Amino acid sequence: MKLKNILAIGMTSAMMLTFNSCQQTSRENPLLAESSLPFGAPDFSKIQVTDYMPAFEAAMQQTRDNIQAIVDNQDSATFENTILPFEDSGRQLARVASVFFALTEADKSDEISEIEKKVQPMLTDLQNEISFNKELFARIKQVYDKQHDTLTGEDQKLLEEIYKDFVRKGALLSDDKMARMKEINLRISDLQQQWGDLLQAATNDAIVWVDKKEDLAGMSDADIAQCQKDAESRGGKAPYAIVIVNTTQQAPLASLDNRELRKRVYEASIHRADGTNPKYNTFPIVSEIAKLRAEQAELLGYPNYAAYSLDDTMAKTPENVYAFLMNLIKAYLPKADAETKAIEDFARKTQGAEFQLQPYDYFYYSAKMKKELLDISEDEVKPYFNVDSVLINGVFYAANRVYGLTFKERTDIPTYHPDMRVFEVFDKDGTSMALFYGDYFRRPSKRGGAWMDAFAEQSRHWNQKPIIFNVCNSAKAPEGKPSLLTWDEVTTMFHEFGHALHGMLSNCEYNKLSGTSVARDFVEMPSQFNESFATIPEVFDNYARHYETNEPMPAELKERMLKSINFQPCYALGENLAASSLDMAWHMLASKDIPSADKAMEFETESLRKVGLLNPFIPIPPRYMTSYFNHVWGGGYAAGYYSYLWTEVLAVNVADTFARLGALKPETGQAMRDKILSRGNTGDLMQMFADFTGMQQPDAASLLKARGL
């Protein structure tokens with residue numbers, strides 16, 4: 001998931017602005033004008049690339065004016081004249097930014113990239129102005145000191161979060177330290193923009209070109225056709241192309257018979273941005289960002305960035321995260337060793353006694369072994385996972401059965417790309433409650449991965465209903481062919497829609513507290529929990545239908561398929577543990593200890609060795625190597641990638657509670673909605689978990705059990 005775009009400057013509810021003198025025309029800027037679409041949705045049929053910069057300039061000036069009005073107020077600071085205006089101060093800017101940054105992630109053009117380079121430092125300057133505005137913070141602190149104990153509910157929580165944000169950004173620093181923090185913020189913003197551009201270019205360039213169809217032996221006809229389509233859309237340097245996705249492992253490695261080609265694909269993936277091709281080396285960016293983050297933490301009195309970052313999460317400290325990971329690693333290693341030996345022994349039956357399993361062999365022989373032992377293959381089940389059926393008859397069906405939601409497609413609402421679909425969402429009483437956009441197919445203009453974000457988040461204070469979107473990267477079939485999904489892609493759709501539900505079912509007073517505005521190690525819980533509906537029999541039978549006949553998956557195939565989900569589960573856990581360990585290793589260093597760019601790969605290797613995950617007998621690499629770890633260097637998961645495992649524990653506990661109470665019973669869904677999904681960040685997160693599950697502490701052992709370990 002992509003966390004909601006937080007400008008950290010509040011949001012504005014002042015009157016809409018019209019197009020200014022930056023463009024000589026009377027045309028109204030659609031990014032600043034009141035939208036006539038439902039809930040104020042962005043009208044992409046009117047928005048032009050030339051609208052973005054004037055809109056940013058106007059909205060930023062409006063934000064400055066709103067902040068100045070708070071500062072100039074001569075009355076004693078109160079919640080009503082300081083905190084509420086601050087909450088309202090940047091709404092217009094957030095609206096412009098939500099549209100623009102959706103495109104930088106999912107449909108980036110050269111023009112958008114150039115605007116981004118100009119806008120990012122402007123936004124960071126504004127963020128610095130507000131975060132270090134002493135007069136503004138003095139008023140906020142006055143309210144905090146005088147009214148905190150007399151306020152209740154969401155008013156009190158809003159005050160706490162705003163005050164805490166200012167302190168965490170450095171509002172209490174001395175002048176010299178504050179000046180340095182401003183410099184660091186600007187530099188990190190610039191580096192992250194460079195990172196995004198470089199990594200996307202590196203990943204696009206890492207395509208593996210294939211001259212002969214016979215080299216693709218083992219792949220299905222549909223997948224070969226996809227390789228042909230990908231080659232055509234990317235310049236046609238060869239008849240076929242294997243596109244590299246964001247993770248280390250690549251789906252074709254499970255089926256390609258040609259071992260040398262498997263090796264080429266794997267090495268193209270892991271070396272995409274590490275300087276093997278001198279044009280693409282992200283290590284200088286990594287090293288500098290890591291050093292600057294560590295310095296930020298030290299300025300604020302923390303020993304390292306992990307300590308600073310985790311202070312505002314459920315885990316609280318790096319030591320707690322490290323203990324959590326090491327307990328999992330201890331349980332994982334012997335099982336991974338046994339799993340690897342079993343796969344290698346299987347391979348040796350055909351490849352000889354000297355064969356040594358490599359990372360690019362793992363998926364291939366695991367798939368062969370699965371086929372032999374369970375008589376199941378991806379190609380056998382993919383015809384039952386048509387993307388449209390998974391969405392309508394699976395994802396939406398489960399939301400209807402559990403939460404009473406219904407969905408009506410809106411072809412009259414413009415989108416930023418033709419592949420995107422829009423649905424109006426209705427509550428159980430028929431009330432129109434949200435808009436949901438789905439953008440599921442990969443393209444060169446979209447970064448890798450999958451995420452949820454919003455064009456507008458729910459707020460009763462603003463009378464704003466949520467406008468939510470999901471983005472994925474599944475292959476779009478050639479014209480006239482069905483777009484079929486792997487099982488991983490099926491669960492990804494359910495996962496991202498869990499985030500969407502967290503946003504759509506929000507019922508909070510204030511935007512700052514609504515929807516997914518929660519700690520990183522809680523925000524992934526609703527999404528990971530929502531994956532559990534993919535295997536509930538009633539839901540599965542409703543969407544797993546053959547794309548030609550619409551017949552449900554036969555019972556015996558379904559049984560074999562579901563049994564196979566946890567077949568040899570160590571790889572998925574191991575790659576996540578390795579990535580989480582790398583993230584923590586980088587962010588537990590003091591600034592003076594950050595390795596230089598030329599030592600970064602050596603540091604990566606040594607970090608994995610220290611935790612026991614650089615094992616020559618267990619060829620399971622990190623899900624993301626340092627050089628293409630976008631969650632950490634380009635996203636909001638620095639010292640936070642562990643949260644996927646942490647929240648999986650919570651999610652399994654919640655799923656167990658659903659199973660106990662009735663997984664598809666409306667009463668169970670309503671309880672989940674009332675106690676967790678509607679509440680955003682309005683209360684203590686652990687208490688929300690306890691209120692629903694009845695558990696005072698999460699049961700970590702359930703994670704291994706759920707993964708078949």
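Side chains included, hydrogens not; waters and symmetry mates left out as well; all remaining heavy atoms used. Here the structure is a predicted model, which is why all the values come from computation and not from measurement.
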Taking the ring of [Y] and the ring of [X], is the distance between their centroids below 6.0 Å?
X      : Y      : result
Phe455 : Tyr437 : yes
Tyr641 : Phe629 : yes
Phe533 : Tyr397 : no
His271 : Tyr628 : no

Problem set entry | Matching residue for Phe407 among Phe436, Phe396, Phe423 - test: ring pair (Phe, Tyr, Trp, His ring centres under 6.0 Å) | Phe396
Would you say that more than 12 heavy atoms from the other residues, nucleotides or ligands in this model lie under 6.0 Å from the [atom1] of [X], or not?
X      : atom1 : answer
Lys368 : NZ    : no
Asp412 : CG    : yes
Gln356 : CD    : no
Lys335 : NZ    : no

Could you tell me whether [X] and [Y] have a side-chain N and a carboxylate O separated by less than 4.0 Å?
X      : Y      : result
Asp257 : Arg262 : no
Lys370 : Asp375 : no
Glu559 : Lys563 : yes

For this session: Determine the interplanar angle of the Tyr416 and Phe469 rings, folded into 0 to 90°, and report it as parallel if under 30°, tilted if 30 to 60°, perpendicular if over 60°.
Result: perpendicular
For this session: Take the angle between the ring planes of Phe540 and Phe385 and call it parallel below 30°, perpendicular above 60°, tilted in between.
Result: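 Phe540 and Phe385: perpendicular rings.
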For this session: Pick out which of Asp388, Asp419, Asp439, Asp230 makes a salt bridge (Lys or Arg N to Asp or Glu O under 4.0 Å) with Lys476.
Result: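 By the salt bridge (Lys or Arg N to Asp or Glu O under 4.0 Å) criterion, Lys476 pairs with just one of Asp388, Asp419, Asp439, Asp230: Asp419.
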Problem set entry | salt bridge (charged side-chain N to carboxylate O under 4.0 Å, His left out) between Lys263 and Asp361, worked out | CA-CA 8 Å; Lys263 183 178 180 180; Asp361 297 318; over 6 Å; no
Restricting to non-hydrogen atoms, name the atom on [X] and the atom on [Y] that form the minimum distance, rounded to 0.1 Å.
X      : Y      : value
Pro383 : Leu484 : CA-CD1, 3.8 Å
Tyr543 : Val539 : CD2-O, 3.0 Å
Gly515 : His502 : O-NE2, 3.3 Å

Problem set entry | Pair listing, ring pair (Phe, Tyr, Trp, His ring centres under 6.0 Å) test, anchored in residues 548-583, at least two apart | Tyr362-Tyr571, Phe363-Tyr571
